[in-house]
Amino acid sequence: MALGYAARYATTAAKLARYLARKLRERGWDGDEPPDVPALAARLAGHGYVDDRVYAQTKARGMAARGLGARRVRGALSAAGVCAEDQDAALAPEDADTDPATAALATAIAFARRRRLGPFAREPAPDPARRQKDMAAMLRAGHGMDTARQVLRATDAAALEALIESAAPQ
């Protein structure tokens with residue numbers, strides 16, 4: 001069952017252990033001693049069927065492509081049982097020359113574009129209640145307050161491009 005799950009789904013050792021424990025509870029266990037589920041998950045990880053670091057990098061890349069911020073990604077990785085070291089490796093910019101603040105800004109802009117917030121909104125001048133909702137959406141997506149303010153205060157896409165260029169290290 002463990003091997004089938006690992007083959008079918010991208011998973012971590014912790015998620016695999018939770019899955020196996022749940023299946024054992026649902027189906028019942030009639031053995032004399034309880035099975036060593038964490039050892040089984042560790043064994044599959046040792047054989048390379050489960051790799052927490054690869055899972056973290058794939059999940060982080062996918063969430064960043066959807067415009068979700070580092071806090072939201074870190075929360076999802078923590079919930080999946082990924083250790084802090086693997087989280088840091090997954091959240092590091094792929095290009096060594098890229099500044100983390102610039103990468104965070106680009107992700108926030110992608111989120112604003114996808115959700116039509118700030119300068120990408122259909123209405124040119126949203127009311128204060130709408131601005132507050134836009135800010136809340138940016139914060140729930142895991143972006144920092146300062147980054148969200150910068151994106152939402154921009155007047156158009158060209159201003160955001162200039163903002164990225166000014167944030168990039170020289």
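Quick note: residue numbers are just sequence positions, from 1.
When all heavy atoms are compared, the tightest approach of A154 to P119 is O-CB, 3.6 Å. The two residues A79 and R18 make their nearest non-hydrogen contact at O-NH2, 2.9 Å.
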Side-chain donor-acceptor pairs of residues 63-75 under 3.5 Å, sequence neighbours excluded:
from : atom 1 : to   : atom 2 : distance (Å)
R71  : NH2    : H143 : O      : 2.6
R72  : NH1    : R140 : O      : 3.3
R74  : NH1    : Q87  : OE1    : 3.2
R74  : NH1    : D88  : OD1    : 3.1
R74  : NH2    : D88  : OD1    : 3.1

Scan the side chains in residues 32-40 for donor-acceptor partners under 3.5 Å anywhere in the protein, sequence neighbours excluded, and list what turns up.
none

What pairs of donor and acceptor atoms, side-chain ones from residues 6-17 against any protein atom, are under 3.5 angstrom apart with sequence neighbours left out?
from : atom 1 : to  : atom 2 : distance (Å)
T12  : OG1    : K15 : N      : 3.1
T12  : OG1    : A80 : O      : 2.5
K15  : NZ     : Y55 : OH     : 3.3

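The stretch residues 64-88 participates, sequence neighbours left out, in no ring-ring contact (aromatic ring centres under 6.0 Å, His included) pair at all. For residues 24-44, no pair satisfies ring-ring contact (aromatic ring centres under 6.0 Å, His included), with sequence neighbours left out. Listed by first and then second residue, the side chain to side chain donor-acceptor pair (under 3.5 Å) pairs that reach into residues 109-118 come to none, sequence neighbours excluded.
Residues forming a salt bridge (Lys or Arg N to Asp or Glu O under 4.0 Å) with K23 (at least two apart in sequence, or on another chain): E26. For A21, the side chain to side chain contact (heavy atoms under 4.5 Å, CB included) partners at least two apart in sequence or on another chain are R25. In terms of the salt bridge (Lys or Arg N to Asp or Glu O under 4.0 Å) criterion, D51 has no residue partners (sequence neighbours excluded). Partners of E161 by salt bridge (Lys or Arg N to Asp or Glu O under 4.0 Å), not counting sequence neighbours: none found. With sequence neighbours left out, the side chain to side chain contact (heavy atoms under 4.5 Å, CB included) criterion links D134 to L117, R130, L152. With sequence neighbours excluded, the residues that form a salt bridge (Lys or Arg N to Asp or Glu O under 4.0 Å) with R61 are E94.
Rounded to the nearest 0.5 Å, atoms CG (D86) and CG (D52) are 6.0 Å apart.
Enclosure of atom CZ in R22 by more than 12 non-hydrogen atoms of other residues, nucleotides or ligands within 6.0 angstrom is indicated. For F120, the CZ atom counts as densely surrounded, since its 6.0 Å shell holds more than 12 non-hydrogen atoms of other residues, nucleotides or ligands.
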